[in-house]
Each structure stands twice: as structure tokens, then as C-alpha cells.
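Only one structure is covered here, and it is reproduced in the block below.
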There are 2 protein chains.
Amino acid sequence: MTPMTPTFHDRAEDLVQRTGARVTRQRVEVLAVLLAARRALSHHEIEGRVNRGAGMDRVTVYRVLEWLTSHHLAHKIAGDDRVWRFNAAGDEPERTHAHAHFKCNDCGEVICLDEATAARSVPLPSGFHPQEVELTVKGLCAGCAPAAAAQRRSRAHAQHRH
Amino acid sequence: MTPMTPTFHDRAEDLVQRTGARVTRQRVEVLAVLLAARRALSHHEIEGRVNRGAGMDRVTVYRVLEWLTSHHLAHKIAGDDRVWRFNAAGDEPERTHAHAHFKCNDCGEVICLDEATAARSVPLPSGFHPQEVELTVKGLCAGCAPAAAAQRRSRAHAQHRH
DNA sequence: GTTTTCGCGCAACTCTGTTGCATTAGAACT
DNA sequence: AGTTCTAATGCAACAGAGTTGCGCGAAAAC
């Protein structure tokens with residue numbers, strides 16, 4: 001009757017415990033949700049998934065997410081819709097400085113492209129010091145690309161409003 | 001007694017006129033502000049600069065900016081502070097698909113790195129179709145880099161809260 | 001100069017995220 | 001197990017960015 005696959009829950013619990021701070025239901029649950037997701041989740045999505053189990057306050061979710069990012073258990077991505085999205089941090093706590101993301105223009109899904117091979121050596125004006133590089137590729141994900149193409153086709157036949 | 005350098009104002013007026021839509025004081029003024037700025041401006045900054053002349057409603061500024069972007073006279077950038085910033089679009093209406101920006105972590109200033117040399121060929125999972133690439137380099141701009149270094153030094157001596 | 005209609009101003013609203021404060025519950029210690 | 005201490009939670013109220021609806025005013029078409 002556990003609402004979350006035990007594996008993610010246990011991994012989350014372990015990760016929270018390792019920080020030395022308090023292991024609360026809320027922290028574990030939110031982190032478990034992030035670990036289970038294969039894409040970056042908005043606060044709204046996280047709140048929804050977490051509240052299927054017990055209840056959790058909106059503000060608590062915000063604060064837990066803030067805590068998780070400050071402890072490098074998650075990282076946040078600024079979408080172009082003014083909404084933060086969150087990922088469970090990879091197991092490597094070091095490489096927090098060269099994220100690359102893919103955002104689907106159709107379904108809005110954001111995934112992490114961990115192969116941050118690009119983004120090296122961008123030419124800057126003199127006097128400028130680079131610290132982080134954020135690269136976002138936008139386009140159509142594997143799920144939406146065929147659908148979008150089909151939609152374009154049908155729109156070409158009868159073009160209707162709304 | 002004109003509040004804006006005539007050059008920018010005139011260029012703005014011309015650009016608006018070319019779209020075929022109505023040439024209003026508001027559209028011209030906002031575009032002139034963008035043309036005059038050498039960096040991306042937030043809505044707040046734009047509103048401030050524009051209101052030094054006559055008055056202009058908050059909402060109108062939003063709508064004008066939306067209109068400008070949809071007519072390719074400006075483009076907007078999502079900052080990591082959840083605030084849109086706006087640039088006058090370059091004179092080339094084509095290259096709307098590979099922006100590169102620099103955001104200063106100290107003063108928050110955003111400038112356009114038009115040499116979008118980077119961002120080519122990011123490896124994507126199969127089935128994914130890239131459409132746009134957005135690259136943001138964060139760091140310290142030429143103005144802030146020395147100041148930030150000095151601040152770090154003095155903070156090392158006496159550390160204080162807020 | 002009159003008419004038409006697009007765009008502006010105003011007010012009220014939504015949505016994301018934050019702050020202050022009283023209460024609850026980890027976990028450390030008997 | 002019970003006590004105690006304090007960090008986290010929940011609640012309510014707030015703040016900032018951006019949006020929507022609607023009547024009026026002013027571009028531009030006639």
C-alpha cells in the first residue's frame with residue numbers, strides 16, 4: 001500500500017540522511033518524486049504527485065525544494081514560462097556548473113542532457129569572467145515530433161479557427 | 001525638449017511603420033528605448049525609462065512588448081530571476097534561432113552575445129528534433145568583476161549578515 | 001469631417017513564489 | 001519510554017510579474 005516504489009523512497013531517505021540534517025517525511029517524499037521522474041518537474045507537478053499520498057503544504061514543497069537544491073540533492077532550471085523546474089541531482093555532486101537541457105516546444109517537457117559537451121569556450125568580450133554556462137535546446141521531443149508533423153498536415157487541408 | 005535622441009525615435013517610428021500596423025506613440029517610444037539600450041531591459045526598466053517622457057500604462061507596456069516580439073522588432077529572454085528581458089531585434093530578421101546571452105551574476109545585466117558561434121550540434125537522444133538553441137553564459141561582466149573581487153576580500157575580514 | 005476600428009488605460013484578477021508566526025515532530029539525552 | 005530542544009511544517013497573509021475584460025480615445029480609412 002505504499003504510494004511510491006520502495007526503491008526511490010529508500011534511496012531518497014538515504015540521501016537525505018547523509019546530509020546530517022533531519023529526515024522528514026516531506027523531504028523524503030519530494031526527493032523520491034524527483035528521483036522517480038525522468039524529466040524536470042514544475043513545483044505544481046511535484047505538489048500534485050506528492051499530495052496523492054498524504055497531504056503537504058504548498059509552502060513546504062517550496063521550502064523542501066529550496067533545501068534540496070541548497071544541499072545539492074536537486075537542481076533547478078529556469079524555464080521560459082517563468083516556472084522553476086526541478087531535477088534530482090545526479091550522483092556526481094561536482095558538476096553543477098554546466099547543465100544542458102532540452103525543452104519540448106509542444107508538450108513543455110524538460111529533460112536533462114547530461115552530456116554537456118557543448119558550451120565550452122564561448123567567446124566573451126574582454127573583461128568578462130564566465131562562471132556558469134546554461135544551454136537549452138528547444139524543439140520537439142520524441143513523443144511530440146510525429147504528432148506535430150501530423151497536425152501540420154491536417155491543418156494544411158482545412159484551416160479552421162480556434 | 002525631446003525626451004529621446006531623435007535618431008532612435010526616428011528609426012523606431014520607421015520600423016513600426018513598415019509593419020503596416022498603426023504607428024502609435026507607445027509603440028514608437030518603447031522601441032526607441034530598446035534601440036537606445038545596449039543591453040536587455042526588464043519590463044520594469046522599460047516602464048521607468050518610458051514614463052520619464054509622457055505617461056504610459058503598465059499593461060500597455062506589456063502589450064506593446066508582446067506586439068514588438070510578435071512582429072520581430074524585439075525578442076525576449078528568460079532570465080533566471082523569472083523576469084523577461086527585451087532587446088531590440090537585430091536588423092537581420094532571419095537569425096532568430098540561435099541566441100546567446102551573457103548574464104552578470106552581480107549586477108544582473110544581460111547582454112547579447114551575437115556571435116552565436118557556439119550551440120551547434122548538441123548531441124540529442126534519437127527522435128528529438130532541435131528547433132532553437134538558447135545559450136546563456138553567466139558570470140561577471142567587465143564592470144563587476146573587479147568590484148566583486150574586492151568585496152570578496154573585505155568579506156573575508158569581517159563577515160556580517162545582510 | 002465623419003466613421004470605423006484598433007489600441008490604450010483602468011481595474012481587477014491569476015499565478016508563482018515568499019515571509020511571519022504559532023505549532024508539530026525529529027532526534028538527542030537522559 | 002519520557003523529556004527537552006530546536007529545526008521544519010502548516011497556515012495565512014503578502015509580494016511581484018504578467019493577464020484579462022471592457023469602455024473610451026485616437027489612428028487611419030472613407
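Here is how names work: the chains are called A, B, and so on, in the same order as the sequence lines, proteins then strands, and each is numbered from 1. Side chains are part of it too, since the values below use all heavy atoms of this structure and drop only hydrogens, waters and symmetry mates.
Arg58(A) places no side-chain N or O within 3.5 Å of a backbone atom of Glu47(A) that could act as its donor or acceptor partner.
In this structure, the nucleotide among dG10(D), dA27(D), dG26(C) sitting nearest to the side chain of Arg22(B) is dA27(D). Closest to the side chain of Tyr62(A), from the set dG17(C), dT9(D), dG18(D), is dG17(C). Nearest nucleotide to the side chain of Thr24(A), out of dG9(C), dT18(C), dT9(D): dT9(D).
Distances shown here put a side-chain N or O of Gln26(A) below 4.0 Å from the OP1 or OP2 atom of dG10(D). In this structure, Trp84(A) does not reach the dT16(C) phosphate: none of its side-chain N or O atoms is under 4.0 Å from OP1 or OP2.
Taking CG of Leu15(A) as the start and NE2 of His71(A) as the end, the distance is 12.5 Å to the nearest 0.5 Å. To the nearest 0.5 Å, the span separating CG on Leu65(B) from CZ on Arg85(B) amounts to 13.0 Å.
Taking for each of Ala21(B) and Arg58(B) the nucleotide of DNA chain C with the nearest heavy atom, the 5'-most of the two is the partner of Ala21(B).
In this structure, CG of Asp57(A) is placed 14 Å from C1' of dC21(C), rounded to the nearest angstrom.
Over its length, the helix from dG1(C)-dC30(D) to dT30(C)-dA1(D) turns its helix axis by 30°, as judged from the five terminal pairs at each end, rounded to 10°.
Donor-acceptor pairing under 3.5 Å, judged by distance alone, is absent between the side chain of Arg63(B) and the base of dG18(D).
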